[in-house]
Chemist: 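After the structure tokens below, expect a handful of questions from me.
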Amino acid sequence: MAHVFEQASSGRAKCRGCGQVIARGEWRFGERLPNPFAEGEMTLWFHPLCAAYKRPEAVLERLAEGAADVPDAAALERAARGNSVERRLPRVDGAERASSGQAKCRHCKQRIEKGGWRIRLVFYEEGQFAAGGFIHLDCRQDYFEGHDVLEPLLHFSANLSDDERAELMRAYGAEPGRAPSR
Ligand SMILES: [Zn+2]
Ligand SMILES: [Zn+2]
């Protein structure tokens, strides 16, 4: 079966991209995959924009088939195209201040100081997302080959307060108001 955009018939599924429940009646994207554990297929459910950022190829595949009546299809396509140009971009899972000084940056291998901004990474493999550590916010240029990650970074940082988001944008060097806030 092909990937699907549809309105959720129940409010039980959690989005694989952000971990939040997909409310009944809300639009969702279903990525169909061969089931690694049994016969047949499995479906991974996402909010449409979460899928565009984390599974861009699957979203583009579905959009290319046409007649996707999902709202904001053009914005979804833009997000998916943006994140499909470099294999590391779909790893962005949000930003946070380091809760301890223990973790090392996956890019420069130096410790990330307590309280410093870091980008969470996730790795996708065969239908599973696994936590993949962190990089310094300031290592993003090198790690992502110069690609801008502000929009997915803010999108997957829904647990930050408005003040923290403003601080993150300052630390990122972004103009206030450049990216959509919540
Ligand atoms: Zn989501
Ligand atoms: Zn680093």
Side-chain angles (χ1 to χ4, degrees), residues 3-31 33 43-59 62 68 70-73 75-80 82-83 86 88-124 127-147 149 151-160 165 168 171-173 179-182:
H3 310 316
V4 63
F5 284 110
E6 63 173 38
Q7 285 173 284
S9 51
S10 80
R12 287 192 300 272
K14 276 192 181 166
C15 171
R16 297 294 184 116
C18 71
Q20 304 297 307
V21 168
I22 303 170
R24 183 190 171 117
E26 208 176 347
W27 281 87
R28 64 184 183 180
F29 176 74
E31 180 178 6
L33 296 167
T43 304
L44 303 183
W45 294 109
F46 299 84
H47 295 109
L49 189 54
C50 294
Y53 285 133
K54 287 195 172 167
R55 301 293 300 140
E57 287 83 7
V59 166
R62 176 63 192 87
V70 59
D72 296 326
L76 293 176
E77 179 166 0
R78 191 181 60 83
N83 259 19
E86 214 286 324
R88 288 177 168 175
L89 292 171
R91 295 178 185 171
V92 171
D93 192 46
E96 63 189 30
R97 288 191 181 277
S99 50
S100 77
Q102 298 302 308
K104 284 187 179 162
C105 171
R106 203 176 168 100
H107 178 70
C108 71
K109 315 299 181 203
Q110 304 297 306
R111 285 191 195 287
I112 301 172
E113 69 177 39
K114 184 174 179 179
W117 283 106
R118 65 188 183 186
I119 297 177
R120 288 190 300 272
L121 302 175
V122 287
F123 288 79
Y124 174 89
Q128 304 282 339
F129 287 94
F134 310 94
I135 60 168
H136 289 108
L137 183 66
D138 289 341
C139 283
R140 70 182 185 275
Q141 295 277 7
D142 292 335
Y143 187 77
F144 295 111
E145 306 282 345
H147 291 286
V149 295
E151 287 186 22
L153 201 57
L154 290 171
H155 178 77
F156 291 113
S157 299
N159 53 343
L160 296 180
R165 291 166 79 81
L168 171 61
Y172 191 98
S181 63
R182 271 180 296 173

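Numbering of ligands and ligand atoms starts at 1, following listing order.
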Chemist: For A131 and V122, which heavy atoms make the closest approach, and how far apart are they?
Modeler: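 Looking at all heavy atoms of both residues, the shortest contact is CA-CG1, 4.3 Å.
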Chemist: Given salt bridge (charged side-chain N to carboxylate O under 4.0 Å, His left out), test K54 with E31 step by step and report yes or no.
Modeler: CA-CA 11 Å; K54 287 195 172 167; E31 180 178 6; over 6 Å; no
Chemist: So, of the N/O/S atoms that H136 has, which is the nearest one to the Zn ion (ligand 2)?
Modeler: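 Minimum-distance N/O/S atom of H136 relative to the Zn ion (ligand 2) is ND1.
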Chemist: Rounded to the nearest 10°, what angle sits at the Zn ion (ligand 2) between SG of C108 and SG of C139?
Modeler: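 It comes to 110°.
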Chemist: To check you understand the geometry: which heavy-atom pair defines the closest contact between R28 and E6, and what is its length?
Modeler: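 Result for this residue pair: NH2-OE2, 2.6 Å.
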Chemist: Provide the atom name of the closest N, O or S atom of H47 relative to the Zn ion (ligand 1).
Modeler: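 This residue's closest N, O or S atom turns out to be ND1.
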Chemist: Taking the six-membered ring of Y124 as reference, does the NZ or CZ atom of R55 fall below 6.0 Å from its centre and within a 45° cone about the axis?
Modeler: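 So R55 does make the cation-pi contact.
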